[in-house]
Peer 1: 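One structure follows; several queries about it will come next.
What you see below is based on every heavy atom in this structure, not just the backbone, and it leaves out hydrogens, waters and symmetry mates. Note that the numbering runs from 1 along the sequence shown for the chain. What you see is a predicted model, and the numbers here were worked out from it, not measured in a lab.
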Amino acid sequence: MARLFFLIVAFFTGPGLLVLPLTGASASFNSTFVLEMHHLLCSTWLRMASMQQSADWVSDTTGHLPEESLGTAQTIHRESSSHVRLVGGPHRCEGRVEVQRNGEWGTVCDDGWDMNDVAVVCRELGCGAAIWTPSGVIYKPLADEDQKVLIQDVNCTGVEENLIQCEQDEDVYSCSHNEDAGAKCEFPETVQLVGGPGRCKGRVEVKHKGQWGTVCKAGWNLSAAKVVCRQLGCGRAILTQRCCSKSTQGQGPIWLSEVSCSGKEADLQDCPSGLWGKNNCTHDEDTWVECEDPFQLRLVGGESKCSGRLEVLHKGEWGTVCDDGWGEKEEQVVCKQLGCGEPVFVSAKDRRRFGFGNGRIWLDDVYCSGQEQSLEQCRHRFWGHHNCNHREDVAVDCLEHNPDLLGA
């Protein structure tokens, strides 16, 4: 009777071993040889598994996706292998620097942090050129006290593709979240509105493989329009519809369809969509979006741009803001938007020195959480709806300079 032997074959893509029964001529292997091979393969697999588990960096699902692939719930361009992210900023290319190690996100100490390090972060995230090295503490909310500071003394030459390739010390000492590093990169131009009366109204186009193309209306809604308006620095989304007359239709590729946004994304890239260029749409279904003009505010009647009566621009006309419900968090947003320092309390008596407005009262019952980057993002009544007079105009006094913004 032929003896039956089993050849143990180790597969390094998983923790299990596949056992294959071999008979006939294959069964003539010496049993000692089989056992030795088994021990060798098992020990090799264990060493590789140990190396895998001890790796300091793991993949991130919040970075760029390859343009050829279908996006995850958070991005649509590249399936990310990024190990870094920017948190708390106005978009994905600015914020507090965080890295991931062993499945845990943590911050970076700013000891030795410079423009070379920021350049590598910008490159890894697929952003534009490095702009500056802000302190991470200016981005709200601040890092949680329980979150670790994972690395310090980062020393990049500026040519590395990933932050993990730079010299760095993982033995962090004497570094608190008050020293968290930040980064600001240019935000790449990937969306535009064309064919309309100004840059905030028109046919939606996205850039892919260096070429601009349109977006199909299938699946599109006002939430996606909000993302586009925010990304372009325009005001609120007021209209989205199927485009267009023959004269304003797109002529190139139709890059996207079935775009599904929540409306909270900072970048259209963060919204799931269908595959790039894979759809059954025609240019009769191109998407048209209209946003309000860019939101602007100013402080007038004071000695500098950082103090005075608050005015906002709407429909080409400056108007004031009523103080109903106005408080410290709202002042924080205004000071932040103007690039000034922290707000200083202004009494009703002191407010008079800025004078009263005499035009429109545009906003009332404004409510901010304090984390907004712009007053436009705060809740308020409809424009022009109020129960106020100009004696209730808001006045704001900020410190002249924000030390964290010096050198911007």
Peer 1: Just by distance, do the side chain of Glu160 and the backbone of Gly158 share a donor-acceptor pair under 3.5 Å?
Peer 2: yes

Peer 1: So, the side chain of Arg96 versus the backbone of Gly182: is there a donor-acceptor pair under 3.5 Å, distance only?
Peer 2: no

Peer 1: How are the rings of Trp276 and His208 set relative to one another: parallel (under 30°), tilted (30 to 60°) or perpendicular (over 60°)?
Peer 2: parallel

Peer 1: Going through the distances and angles, do Cys335 and Val396 end up as a side-chain contact (heavy atoms from CB on, under 4.5 Å)?
Peer 2: CA-CA 8 Å; Cys335 293; Val396 177; 3.9 Å; yes

Peer 1: Out of curiosity, His380 NE2 to Cys368 SG, how far, rounded to the nearest 0.5 Å?
Peer 2: 9.0 Å

Peer 1: Let me confirm one number: the CD-CG distance from Gln231 to Asp270, rounded to the nearest 0.5 Å.
Peer 2: 8.5 Å

Peer 1: With rounding to the nearest 0.5 angstrom, report the SG to CG distance, Cys306 to Leu299.
Peer 2: 7.5 Å

Peer 1: Looking at Lys329, I want to see if its NZ is surrounded by more than 12 non-hydrogen atoms of other residues, nucleotides or ligands under 6.0 Å.
Peer 2: no

Peer 1: For Arg203, is there an ion pair with Glu205 - N to carboxylate O distance below 4.0 angstrom?
Peer 2: yes

Peer 1: Is there a side-chain contact between Val154 and Trp113 in this structure, where contact means two heavy atoms from C-beta onward sitting under 4.5 Å apart?
Peer 2: yes

Peer 1: Identify the heavy atoms of Ile361 and Cys388 that sit nearest to each other, and give their distance.
Peer 2: CD1-O, 3.8 Å

Peer 1: Can you check whether Cys340 and Cys398 have SGs under 2.5 Å apart?
Peer 2: no

Peer 1: Are any side-chain N or O atoms of Asp267 and backbone N or O atoms of Gln269, one a donor and one an acceptor, separated by less than 3.5 Å?
Peer 2: yes

Peer 1: Show the nearest heavy-atom pair for residues Phe354 and Ala395, with the distance to one decimal.
Peer 2: CD1-CB, 3.5 Å

Peer 1: Applying salt bridge (Lys or Arg N to Asp or Glu O under 4.0 Å), can you list everything that pairs with Asp365, at least two apart in sequence or on another chain?
Peer 2: Arg381

Peer 1: Checking the side chain of Glu392 only, and the main-chain atoms of Asn389 only, is there a donor and an acceptor separated by less than 3.5 Å?
Peer 2: yes

Peer 1: Between the main-chain N or O of Gly263 and the side-chain N or O of Arg230, is there a donor-acceptor pair closer than 3.5 Å?
Peer 2: yes

Peer 1: Please state whether the rings of Trp362 and His314 are parallel, tilted or perpendicular, taking 30° and 60° as the class boundaries.
Peer 2: perpendicular

Peer 1: Take Arg391 and Phe356, measure what side-chain contact (heavy atoms from CB on, under 4.5 Å) needs, and give me the verdict at the end.
Peer 2: CA-CA 6 Å; Arg391 291 187 175 275; Phe356 298 121; 3.8 Å; yes

Peer 1: When rounded to the nearest 0.5 angstrom, what is the spacing between OG in Ser135 and CG in Asn178?
Peer 2: 8.0 Å

Peer 1: Kindly give the heavy-atom pair with the smallest separation between Arg236 and Glu376, and that separation in Å.
Peer 2: NH2-O, 2.7 Å

Peer 1: Could you tell me the separation between the CG atom of Leu275 and the CH2 atom of Trp255, rounded to the nearest 0.5 Å?
Peer 2: 12.0 Å

Peer 1: Mind checking whether Asp117 and Met115 have side chains closer than 4.5 Å, heavy atoms only?
Peer 2: no

Peer 1: Within the distance-only criterion (no hydrogens, no angle test), does the side chain of Asp169 pair as donor or acceptor with the backbone N or O of Val172 below 3.5 angstrom?
Peer 2: no

Peer 1: So, taking the atom named SG in Cys261 and the one named CG in Leu222, what distance separates them when rounded to the nearest 0.5 Å?
Peer 2: 11.0 Å

Peer 1: Taking C-beta and beyond as the side chain, do Ser347 and Arg351 meet within less than 4.5 Å on heavy atoms?
Peer 2: no

Peer 1: Got a sec: does the CG of Asn358 have more than 12 other heavy atoms crowding it under 6.0 Å?
Peer 2: no

Peer 1: Do Ile254 and Asn279 have side chains that approach each other closer than 4.5 Å (heavy atoms only, starting at C-beta)?
Peer 2: yes

Peer 1: Stepwise, does the side-chain contact (heavy atoms from CB on, under 4.5 Å) test hold for Leu193 with Lys201?
Peer 2: CA-CA 6 Å; Leu193 298 177; Lys201 296 179 177 66; 5.6 Å; no

Peer 1: If you draw the axis of the six-membered ring of Trp318, does the NZ or CZ of Arg298 fall within 45° of it and under 6.0 Å from the ring centre?
Peer 2: yes

Peer 1: Kindly indicate, with the supporting measurements, whether the criterion salt bridge (charged side-chain N to carboxylate O under 4.0 Å, His left out) is fulfilled by Lys217 and Glu285.
Peer 2: CA-CA 6 Å; Lys217 186 66 172 64; Glu285 302 170 89; over 6 Å; no

Peer 1: In the structure I gave you, are the side-chain heavy atoms of Leu86 and Val97 within less than 4.5 Å of one another anywhere?
Peer 2: yes

Peer 1: Shortest non-hydrogen contact from Ala224 to Leu268?
Peer 2: O-CD1, 4.4 Å

Peer 1: Testing the basics here: between Trp326 and Leu375, what is the closest heavy-atom pair and its distance to 0.1 Å?
Peer 2: CH2-CD1, 4.0 Å

Peer 1: Let's test your reading of the model: do Cys229 and Cys291 have SG atoms under 2.5 angstrom apart?
Peer 2: yes

Peer 1: Among Asp364, Val312, Asp323, find the residue that satisfies the side-chain contact (heavy atoms from CB on, under 4.5 Å) test when tested with Val394.
Peer 2: Asp323

Peer 1: Does the Cys93 SG fall under 2.5 Å from that of Cys185?
Peer 2: no

Peer 1: In this structure, which one of Val259, Val215, Val206 forms a side-chain contact (heavy atoms from CB on, under 4.5 Å) with Ser273?
Peer 2: Val259

Peer 1: Within the distance-only criterion (no hydrogens, no angle test), does the side chain of Gln332 pair as donor or acceptor with the backbone N or O of Glu342 below 3.5 angstrom?
Peer 2: no

Peer 1: Check each of Asp284, Thr282, Thr214 against Gln249 using the side chain to side chain donor-acceptor pair (under 3.5 Å) test, and report the only one that passes.
Peer 2: Asp284

Peer 1: Report yes if the side chains of Leu232 and Arg199 come closer than 4.5 Å at any heavy-atom pair, otherwise no.
Peer 2: yes

Peer 1: Run the side-chain contact (heavy atoms from CB on, under 4.5 Å) check on Glu124 and His83 step by step: do they pass?
Peer 2: CA-CA 8 Å; Glu124 183 169 353; His83 315 295; 3.8 Å; yes

Peer 1: With a 4.5 Å cut-off on side-chain heavy atoms, are Asp180 and Tyr139 touching?
Peer 2: no

Peer 1: Taking atom CZ of Arg353 as the centre, report whether more than 12 heavy atoms of other residues, nucleotides or ligands fall under 6.0 Å from it.
Peer 2: yes

Peer 1: Between Asp393 and Thr320 (side chain of the first, backbone of the second, donor and acceptor by atom type, cut-off under 3.5 Å), is there such a pair?
Peer 2: no

Peer 1: Identify, with sequence neighbours excluded, every residue that meets side-chain contact (heavy atoms from CB on, under 4.5 Å) alongside Ala129.
Peer 2: Glu186

Peer 1: Give the minimum heavy-atom separation between Asn155 and Cys166, together with the two atoms involved.
Peer 2: O-CB, 3.9 Å

Peer 1: Are Arg92 and Pro188 close enough that some pair of their side-chain heavy atoms sits under 4.5 Å apart?
Peer 2: yes

Peer 1: For the backbone of Glu161 and the side chain of Arg123, can you confirm whether one donor and one acceptor N or O come within less than 3.5 Å of each other?
Peer 2: no

Peer 1: For Glu328, does the CD atom have more than 12 heavy-atom neighbours from other residues, nucleotides or ligands under 6.0 Å away?
Peer 2: no

Peer 1: State whether the side chain of Glu290 and the backbone N or O of Thr240 hold a donor-acceptor pair below 3.5 Å, judged by distance alone.
Peer 2: no

Peer 1: Name every donor-acceptor pair, under 3.5 Å, that has one atom in a side chain of residues 145-153 and the other anywhere in the protein, sequence neighbours excluded.
Peer 2:
| from | atom 1 | to | atom 2 | distance (Å) |
| --- | --- | --- | --- | --- |
| Gln147 | NE2 | Glu98 | OE1 | 3.4 |
| Gln147 | NE2 | Glu98 | OE2 | 3.3 |
| Gln147 | NE2 | Trp105 | O | 3.3 |

